[in-house]
Number of protein chains: 2
Amino acid sequence: MRMHHPPHPGEIIREFCVEALHLTTTDAAEALGVTRKTLSELLNGRSGVSPAMALRLSRVFGRTPEGWLRLQQQYDLWNIEQSVDMSRLRRIKAA
Amino acid sequence: MRMHHPPHPGEIIREFCVEALHLTTTDAAEALGVTRKTLSELLNGRSGVSPAMALRLSRVFGRTPEGWLRLQQQYDLWNIEQSVDMSRLRRIKAA
DNA sequence: AATACTGTAACCTGCTACGTTTCGAGTGTC
DNA sequence: GACACTCGAAACGTAGCAGGTTACAGTATT
């Protein structure tokens, strides 16, 4: 089974990147090279971690880009599993 | 360092899911519950592995959804690294 | 009161996943 | 040759998302 209701990546980013370093949203956005709005939407779950954003995060706050993207991936998968019915799909056999 | 020019996931999918099972694109698309066009674009690198597609692939061809998504992730990251200049971004210090 | 920080709405651009439709290139059968 | 059929792929439209600019309202802090 999969994780139960993974948080959106913005929560983790806020906790470990912004609050832990006592940064403001404005400061962090500037360091990342994006606008305040872009970071605000990410922190509040209204947008996700794009590949470009994962690279920015890794350069400014460390960790690997893959690690940042994985947060988004797990969040996306959990949500898709809840909302899309794939039960009719069957494993295929070679012809 | 990162991988050198990762192939787009469509190549892997074509090789291990379609050709290896002697399926046609039409057959595979039907099994995945998408149109021929959608799968064709994926196989030819004109679209990527979305979270929903990763789930479809895992149900029909096995492996984990995370594994399928990882292929896309590595491809995306490599391409972003080539095209976007992040050299001005500096690691941030706590205030 | 003035300043700083935040969230967010409106509007725009660019990109992408996906569906429907249609075209063109095989590949058979008569 | 002429026909139908199948397959892959292109053109076109729809929907949605990331991100920017600008502007506004709320809340602290000084």
Side-chain angles (χ1 to χ4, degrees), chain A residues 8-11 13-15 17-19 21-57 59-60 65 68-69 71-73 75-77 79-81 83-86 88-89 92 95, chain B residues 8-11 13-15 17-19 21-58 60 65 68-69 71-73 75-80 82-86 88-89 92 94-95:
Chain A
H8 68 256
E11 292 184 31
I13 295 169
R14 186 191 293 276
E15 185 174 344
C17 298
V18 183
E19 292 179 352
L21 300 181
H22 298 96
L23 297 173
T24 65
T25 303
T26 305
D27 292 337
E30 210 165 300
L32 288 167
V34 298
T35 63
R36 198 163 52 87
K37 174 184 181 296
T38 297
L39 181 57
S40 172
E41 287 180 338
L42 175 59
L43 294 182
N44 293 287
R46 256 166 226 92
S47 71
V49 178
S50 64
M53 183 61 78
L55 274 180
R56 293 177 188 278
L57 288 166
R59 282 197 62 94
V60 174
W68 292 112
L69 268 186
L71 293 177
Q72 186 65 45
Q73 179 184 293
Y75 181 73
D76 287 342
L77 279 178
N79 282 289
I80 292 279
E81 280 175 354
S83 63
V84 182
D85 176 29
M86 304 256 176
R88 315 239 344 233
L89 298 187
I92 204 169
Chain B
H8 66 256
E11 292 184 30
I13 295 169
R14 185 191 294 276
E15 186 173 343
C17 300
V18 182
E19 292 180 352
L21 300 181
H22 298 95
L23 297 173
T24 65
T25 302
T26 304
D27 294 336
E30 210 164 300
L32 288 167
V34 298
T35 63
R36 268 188 309 144
K37 175 184 182 289
T38 297
L39 181 58
S40 171
E41 286 181 339
L42 175 59
L43 294 182
N44 293 287
R46 271 180 284 281
S47 71
V49 178
S50 64
M53 183 60 79
L55 274 179
R56 292 177 188 280
L57 288 166
S58 80
V60 174
W68 291 112
L69 268 186
L71 292 178
Q72 186 65 47
Q73 178 185 291
Y75 181 73
D76 287 342
L77 279 177
W78 191 88
N79 282 288
I80 292 278
Q82 306 305 307
S83 63
V84 181
D85 177 28
M86 304 259 177
R88 314 238 346 230
L89 297 187
I92 204 170

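Proteins come first, then strands; the chains are lettered A, B, ... in the order of their sequence lines, and each starts at number 1. What you see is a predicted model, and the numbers here were worked out from it, not measured in a lab.
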Over 12 foreign heavy atoms within 6.0 Å of CD, B/Glu30: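 Check fails, neighbour count at 12 or below.
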
Contact summary for [X] and [Y], nearest pair of heavy atoms:
X: B/Glu41; Y: B/Lys37; value: OE2-NZ, 2.6 Å
X: B/Leu43; Y: B/His8; value: O-NE2, 3.5 Å
X: A/Thr25; Y: A/Leu39; value: O-CD2, 3.5 Å
X: B/Gln72; Y: B/Pro9; value: OE1-CG, 3.2 Å
X: A/Ala54; Y: A/Pro65; value: CB-O, 3.7 Å
X: B/Leu89; Y: A/Gly33; value: CD2-N, 4.0 Å

Quick one: side chain to side chain donor-acceptor pair (under 3.5 Å) partners of [X], sequence neighbours excluded?
X: A/Thr24; result: A/Asp27
X: B/Thr35; result: B/Thr38
X: B/Ser50; result: none

Within the structure, does a side-chain N or O atom of [X] lie under 4.0 Å from either OP1 or OP2 of [N]?
X: B/Thr26; N: D/dG8; result: yes
X: B/Ser40; N: D/dG8; result: no
X: B/Asn44; N: D/dA9; result: yes

Leading and trailing nucleotides of DNA chain C with any atom under 4.0 Å from heavy atoms of chain B: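 Range of nucleotides within reach of chain B: C/dA17 to C/dT22.
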
Strand DNA chain D in bracket notation, Watson-Crick/G-U under 3.5 Å with | for pairs to another chain: ||||||||||||||||||||||||||||||

Nucleotide D/dG8, atom C1' - distance to CG of B/Asp27 in whole Å: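 Rounding to the nearest Å, CG of B/Asp27 and C1' of D/dG8 are 13 Å apart.
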
Per-nucleotide protein contact string for nucleotides 11-30 of chain D, where B marks a base within reach and S marks sugar-phosphate only (heavy atoms under 4.0 Å, - for neither): BB-----SSBB-B-------

